[in-house]
Structures are given as C-alpha cells and as structure tokens.
Amino acid sequence: MSHSPNNPILLISSLHVDEARKAIANLVAQLLQESEALNHSSDIETVSLDQAINRILAEDLLSPIDVPAADNSAMDGYAFDAQCLDTINSEITLQITGTALAGKPYEGQIAKGACLKIMTGALMPHGCDTVIPQEFTTSITEQTICFKRDQLKPGENRRLRGEDLQQGKPAIAAGRLLRPSDLGLAASLGIAALRVRRKLKVAILSSGDELCAVGDRLSAGSIYDSNRYSLIGLLNRLNLDVIDCGIVRDDPAALKSAFIEAASQADVLISSGGVSVGEADFTKQIMQELGDIGFWKIAMRPGRPMAFGTLRAVPGKAPAKKTLFFGLPGNPVAVMVTFYQFVRSALLQLNGATQTTPPLVQAICATDIRKKPGRTEFQRAILGHDADGRPSVRLTGSQGAGILRSMSEANCFVILGHDQGNIAAGQWVDIALFDGLL
Ligand code: AMP
Ligand code: MG
C-alpha cells in the first residue's frame, strides 16, 4: 500500500465503495478551498443559451419578471366576476360581451351579469376573476351562456400573476447541471445568456505496452485501445474540454513526461491501466514523485484497483494549482464503472454542481444472481417490464470486467450493495439508469 501523508484512509487495504466516495469528496472539497484562495473569479463565464446545455450554473438565475406577467385564463371558456355566484339560483346565465384571445387582450370593462369569451393564456379582463370552462356550460347561444352554480368556485381556472415565478426570486439555483428544461425556462424569462462555470479541462491517457491505436495495424498480442473512447464519450456528456494524451507505453520516462504534460494543462487527469498488482509498483514510484497519490483496493466488482490523489504543481510550469488524478483500472468495463461511481461525481463537485449523484430506482430481478457479501457489484442489465407491467431487470450475459458488450447492450447497472448476498429471482434490486430521459 502506498504511503499518503494527508489521507490515513488510503492505508486501508480493501476500501468500502462509500468510504472511497467520501475520501474523494473530501479531497475535492479541499481542492475547491485552495482554488478559492487563489481567486477563482476567472472560473465563471457567460455563454448563450444554445451553448449552455450540460454546463453548471455559476450564480442563481434571478427572474427579471413575474411569471405569468399578468392574471390569465387557464382554460378555454368564459371569464366573469365571481360575485354572480353569490345567489340562490342553481343556474347562472351571463351575457357574452366580447372575446379575449392569447396575445390580444380585451381592453373594456365587463359589467355585472356579463362575461367574456376567453382563450387559454389570454389576459383576464378587468373586473373578472373566474373562468367557466366551455365544457362545463349547459347551453351556449350567440349572446348568452348558462351553467350550474355548483360547477365551480370563485377564482377557479385563473392563473395568477407571479404564480410560477416572482420577479427577483431565483428561477434556477446556482450549481444546477443545466438541462433542456432549464434552457427553456431561461428563455421564457427573456434571458439569452447564462453565467456558467468554465469548462473543466480533463486530460485522458491510456497506459500499456499492449495497446494499439485505432487505425493502426494490430500486431500479435496487442489489443485496440478502447478505454480512451469510452472516456471521451463519458466526458462529452458533461460538456467538458477533453485533452487526449493518447497511449503511453509502460516505460517510466514516457509515463513521467506524459503526467507532467497533462498536469501542466489540465484540472483533472484520468488514466486507465497500469494500477493493478505488479504494474502498480512501477507506476506508483513515478506518481509519488509527482504528487500525493494513494493506491486503493476497493471492495467492488468490477474495478478493484484504483489510484487517486493530486499531482503537484510542476516545477518551472505556471500556477500552484493541483491537478486531480484518477488512475482507473485497465479493464474496459471497470473503467466505465469506476468513472460512473467515482469520477463523474468528483468532476461535477469540482465544477460547483450541487447535485452530483444520479438517482437510483428499483426493479424486480428477473433471474437469480450469485453475489458474495463484502463488495459492491455493478452488474450490467436491461430494464424493461414484466407481464404485469412492473419494472423488471435482466443481466446482459457474461459479466467479465473485460466484456464491453455487457455494457454496450445494457441500459442500466444493477447495483448490489456491500453486504448483499445472493439474489433470488423476484427480489427487488437497485438500478442506476445509464441515460436520463430529459
Ligand atoms: P491493467 O490494469 O493495465 O493490468 O489492464 C487490465 C486489462 O485491461 C488488461 O487485459 C489490459 O490489456 C486491458 N486494458 C488496459 N488498458 C486498456 C485500454 N486502453 N483499452 C482496452 N483494454 C485495456
Ligand atoms: Mg497494463
């Protein structure tokens, strides 16, 4: 085990997934404090709405207007003064005095005993506070409408000014990972640009003598480097700046210079491969020279070996800023699982997001699953429905850490907790969906 002066937790030989997450979150919080001390005002920029998807809102977005801006009708129907409901008659008859359309308000006053034909979204005319929906009327002529008094209460079917949002109040809180609805909401307030965190610069590299770049000829014993492309895809979903440092050989000098190069440019470096037993000793030595990095054995499957810490500011190269480092395992599925479980939330936290973990849902397991207590497992699965329409989940075949097809065909992880034993078909299990729907 590596020695790590700042973090006693790194000395534990097999770390619970939750402990690892906590240790990572603590280190990121420490980095944030340090960067605040270095003045981070340059970490905020203004981008137009069409560029803001998946960026993180840096400041509360205050509504410049009331929404709705004025009282308006929630239904197609007839607007009137609810005082006319204050009667012993069970049926009400009102004179139609005009029409209000959305975008074409009716300027006049509505007299007692009269009403105005009104469309959804049209401004409520002066003197009216209630709308009877068209379908609730008992009869309609050119001049009059009738309806039963007990069909509605005063104030119904009217949207009040400021009911959704009040001027000066936050419409979207700082720290939101911006989704399509947030862009629409900002536009609905007339806001064309948003203050967001600058994009994190994330360097990636693959390490291993056996790796061959796509496009090159595969020689005997070598394999294509797939991890960089999985990582590029994962990072692009977060709208980050990716710095691709390519493939690095299992050679101390090459690895060292790649690390120095990445650390001088990037906020975060993610490598894959070279942290498992045997290789770790070699990587360890270099990483220890450059930073404060712990080598962990995490009680999880897939993804047991992982390195994590910071790379020190490189002598001779600019600022005293540290680069966050993740040394992920080499196995292609383990890369994606450890990214999902540890890296994604750390990147979001580092960039000021308030919500960093995706939600879990539950589904009924369609088959038995063998599981040993004492480690967290991430099985790849497809979520669907059983014959009764209940959520049902089945595994995508062979679950080896190198079998990327198990990920590719899946739409979710079945997450089996640390203490969980075997699962019997019909049991409810935790699910993490790969994609959000909106
Ligand atoms: P390592 O962690 O370096 O021992 O690698 C574990 C397994 O993952 C080995 O079978 C490697 O060949 C494989 N592997 C490592 N890096 C990559 C990569 N970039 N793309 C695909 N497979 C990899
Ligand atoms: Mg290797």
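What's counted below: heavy atoms across the whole structure, side chains too, no hydrogens, waters or symmetry copies. Start at 1 and go down the list; that is how both ligands and their atoms are numbered.
Residue Tyr224 has at least one heavy-atom neighbour below 4.0 Å for each of these atoms of ligand 1: 20 (N), 21 (C). Within ligand 1, counting atoms from 1 as listed, the ones closer than 4.0 Å to a heavy atom of Gly273 are 2 (O), 3 (O). Every atom of ligand 1 with a heavy atom of Ile223 under 4.0 Å away is listed here by number and element: 12 (O), 21 (C), 22 (N), 23 (C). For ligand 1 and Ser206, the ligand atoms under 4.0 Å from any heavy atom of the residue are 19 (N).
Nearest protein neighbour of atom 19 (N) of ligand 1, counting heavy atoms only, is Asp225 OD1, 2.7 Å. Remark: minimum distance from atom 18 (C) of ligand 1 to any protein heavy atom is reached at Asn227 ND2, 3.1 Å. In this structure, atom 1 (P) of ligand 1 lies nearest to the protein heavy atom Glu279 OE1, 3.3 Å. Counting only heavy atoms of the protein, atom 12 (O) of ligand 1 lies nearest to Glu210 OE2, 2.6 Å.
Considering backbone and side-chain atoms together, Asn331 places an N or O closer than 3.5 Å to an N or O of ligand 1. When only interatomic distances are considered, the shortest N/O to N/O separation between Gly330 and ligand 1 falls below 3.5 Å.
No more than 12 heavy atoms of other residues, nucleotides or ligands lie within 6.0 Å of CZ in Arg394, so this atom counts as exposed by the packing criterion. His126 NE2: 12 or fewer foreign heavy atoms inside a 6.0 Å radius. Residue-environment remark: CD (Gln33) stays at or below the threshold of 12 foreign heavy atoms within 6.0 Å.
A ring-centre distance under 6.0 Å is not found for Phe326 and Phe339. Here Phe147 and Phe80 bring their ring centres to under 6.0 angstrom of each other.
Residue pairs meeting the ring pair (Phe, Tyr, Trp, His ring centres under 6.0 Å) criterion with at least one partner in residues 184-230, sequence neighbours excluded, do not occur; the list is empty.
The closest approach between a heavy atom of Gly274 and any atom of ligand 1 is below 4.0 Å. Every heavy atom of Gly402 sits 4.0 Å or more from the atoms of ligand 1.
Inspection of the Asn227 and Ser272 side chains reveals an N or O donor paired with an N or O acceptor under 3.5 Å. A donor-acceptor contact closer than 3.5 angstrom is absent between the side chains of Arg197 and Asn351.
Residue contacts with ligand 1, taken as heavy atom pairs separated by less than 4.0 Å, involve Ser226 via backbone and side-chain atoms alike.
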Less than 3.5 Å apart, which donor and acceptor atoms pair up between the side chains of residues 352-365 and the rest of the protein, not counting sequence neighbours?
residue : atom : partner : partner atom : Å
Thr354  : OG1  : Gly175  : O            : 3.3
Gln355  : NE2  : Thr357  : O            : 3.3
Gln362  : NE2  : Asp430  : OD1          : 2.9

